[in-house]
Amino acid sequence: MESRYKSYHSIEKLPELVGETVTINGWVHNITGKGKLQFIQMRDGSGFVQCVVFKGNVSEEVFEQCKQLAQEASVSITGTVRAEERSATGVEVDVQSVRIWQIPTEQYPITPKEHGIEFLMEHRHLWLRSTRQHAIMRIRAAVAKAIRDFFDGNGFKLQDSPILTPNACEGTSTLFETKYFDLGNAYLSQSGQLYAEATAMALGKVYTFGPTFRAEKSKTKRHLTEFWMVEPEMAYFDLNDDMDLAEDLVEYIVQYCLQTCQRELAVMGRDISKLEKVRRPFHRMSYTEAVEWLNANNVKLNKKNEDGTETQYDFPWGEDFGAPQEEAIMSQFEKPCIIHRYPTEVKAFYMKRDPENEKVVMAMDMLAPEGAGEIIGGSQREDNHDLLLERILHEQLPQEAFQWYLDLRKYGSVPHSGFGLGLERTVKWISGAEHIREVIPFPRMIYRIVP
RNA sequence: UCCGACUUAGCUCAGCUGGUUAGAGCAUCUGACUGUUAAUCAGAGGGUCCACAGUUCAAGUCUGUGAGUCGGAGCCA
C-alpha cells in the first residue's frame, strides 16, 4: 500500500534504491567522527543505516551541522544511496543536506556502553530505541499479526471479552480489585475464557485477544502482572481437536516469524535452526506417562523437611509439575510437547473429566523447548450442567455468580474446547530474549509500574 | 510470600586484616585523525560512598535497623 504521506523513505527499503536521492526522517543512533569524515548511524524505526559525510564533498555549513549532531538528535537527512559491502545492510547514504529538528541539550542516558538492568528499566521509554529492543518489538508485532491472520483465515471471529469482571474466573488466582460504582467490587480479568465460551455458542469459533491481569506475587523471568493472551474457543471441538489446533497455531506463528523477521532474529543472535524444527506433529504424552517417565529417569522430587534438610521422593501421581519436572521432560525434545489429562485436583473447575478415567480432566498444556516452558494451557470444557454445578460447589465458588455460565449448559450444550496462549511467553521463546520484561513495551511487574 | 545477593562519579565497576588526599574504564568537554560502527590518541572537569543509629582515636570498609533493586522458588500464560 502506497502512503499518501511518503515524501521520505524508510530505511528498510534503501537496498532497493541504490543510486537514488532519498530523505530519511529519523534519529541519530550514534555518531563517530574522524577528522574530515563523520559517520552518522541513523535509525527511523524501520531499520538502521550509516550516513557518511566527507568534508570535501559538502559545504562547510552542512559539515558543521553534522558535527553538532549528538546521540538521539532528531534529523532529516537527504543523500544518495550507495552500495557498500562493508555495511550490514549493503548500503550507505552519502549526505547532501540535513534538516535538524532537535539536538538534545542533555546527554542521552543510554550510551552505547553496558548498562545494568535496573538503569535500563528506569529508562524503558528510551531503551526501546536500542537495536535489541527494537528487534524484539518487531518480533512481538509479527507474532501478534500471525495470531490474528491464523484465526481470521480459519473461520474464527474476534470477540472481545470484558476486562472488568464481577468475580474470579477460575476462583484460584489473586486478582486486582477496584471499586465499581454502587455495585461493589470489580476485578481485572485474569482470563477471557468464560465469556469466550458464551460467544462460541453464538458464533461457533471465536477468539479473544487482549490483556489479562494476575495479582500473584510472581517473581520470575516468565511472569508479568499484566500480559496479553489469545484465547480461542470452539464449539464441537473435543480435546484432540483442541490439541491439533494448538499445534497448527504454534507452527504457523513460528514459520511466519522465520519468514518475516530474519533481520530481527539475527540481531537477537537466535539459532534459526532450532525454530526451523518446529513442525507438526509435536510431541504428546499424558500426565501419567510423564510421571512414569520422570520416575524411570530418576528425576526426583525434592521436599524440604522441618529441620531444613531435603529428602528426595519418587514423583507422586497427583502432584502438579514444577519447573524442574518440566525442564527434565523437555530436555529430551527439540519440538514443543503437549502434556494432557492432568489430575482433576490440580486443574480448574470448568475442565471436563475424562469419561474413561474420573481422576483426570481433559486438560492440556503445551511446553516449548529450549527452556521456554509453558506457553499454552487449555482444555475441553465441562458441558454437563449438573457435573459443572457439582464442581462449582466443590470448589466453594459462589453459585449465583456463575449462573449465566451454567445457562450455557442448559440451552443446547455441546462439547467445546479452547486454550490460552501467552503472547509474551511465545515472543520470549521465539526471540530468544532472556527475560519476559523485555518482550512487552512497558512491563508491569510486582516491584515495577514505572515508566 | 520464602531464600539469597547487591547499593561507591552520568553509566559499568574496583576499593585487601578499618588508616590520613576516593580509584579505573566508558560517557561529557577541548584538541588530533578520510573508514568508524562499544573508534583510537592526548588533556580537562566530574563524588550526600543508599539512609539512620552504633562500635572505634579513626568507618566506603565492622554491627544493627530501614529503604530500593536484582537473582532463585512457588503460583501460572
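Naming convention: chains lettered A, B, ... in sequence-line order (proteins, then strands); numbering from 1 in each chain.
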Quiz item: Does A/Phe39 lie flat on the base of B/G35, that is, centres under 5.5 Å apart and planes under 30° off?
Solution: no
Practice problem: Classify the side chain of A/Lys113 and the base of B/A27 as holding, or not holding, a donor-acceptor pair under 3.5 Å. | Solution: no
Quiz item: Between A/His223 and A/Glu118, which is nearer to the 5' end of RNA chain B once each is assigned its nearest nucleotide?
Solution: A/Glu118
Quiz prompt | Nearest-nucleotide 5' precedence on RNA chain B, A/Tyr108 against A/Lys67 | solution = A/Tyr108
Exercise. Determine which nucleotide pairs with B/U55, using a 3.5 Å limit on both distances of a Watson-Crick or G-U wobble pair.
Key: none
Give the nucleotide from the list [options] with an atom nearest to the side chain of [X].
X        : options             : result
A/Gln41  : B/C70, B/U36, B/C75 : B/U36
A/Thr111 : B/U36, B/A27, B/A38 : B/A27
A/Gln107 : B/U37, B/G35, B/U28 : B/U28

Practice problem: Measure across A/Leu14 and A/Ile24 and return the closest heavy-atom pair with its distance rounded to 0.1 Å. | Solution: CD1-CD1, 4.1 Å
Quiz prompt | Aromatic ring pairing A/Phe48/A/His134, orientation class (parallel under 30°, perpendicular over 60°, tilted between) | solution = perpendicular
Quiz item: Does a nitrogen or oxygen in the side chain of A/Arg437 sit under 4.0 Å from OP1 or OP2 of B/G71?
Solution: yes
Exercise. Quote, to the nearest angstrom, the C1' distance that separates B/G18 from B/G43.
Key: 36 Å
Exercise. State which residues pass salt bridge (charged side-chain N to carboxylate O under 4.0 Å, His left out) with A/Asp244; sequence neighbours excluded, sorted by chain then number.
Key: A/Arg284
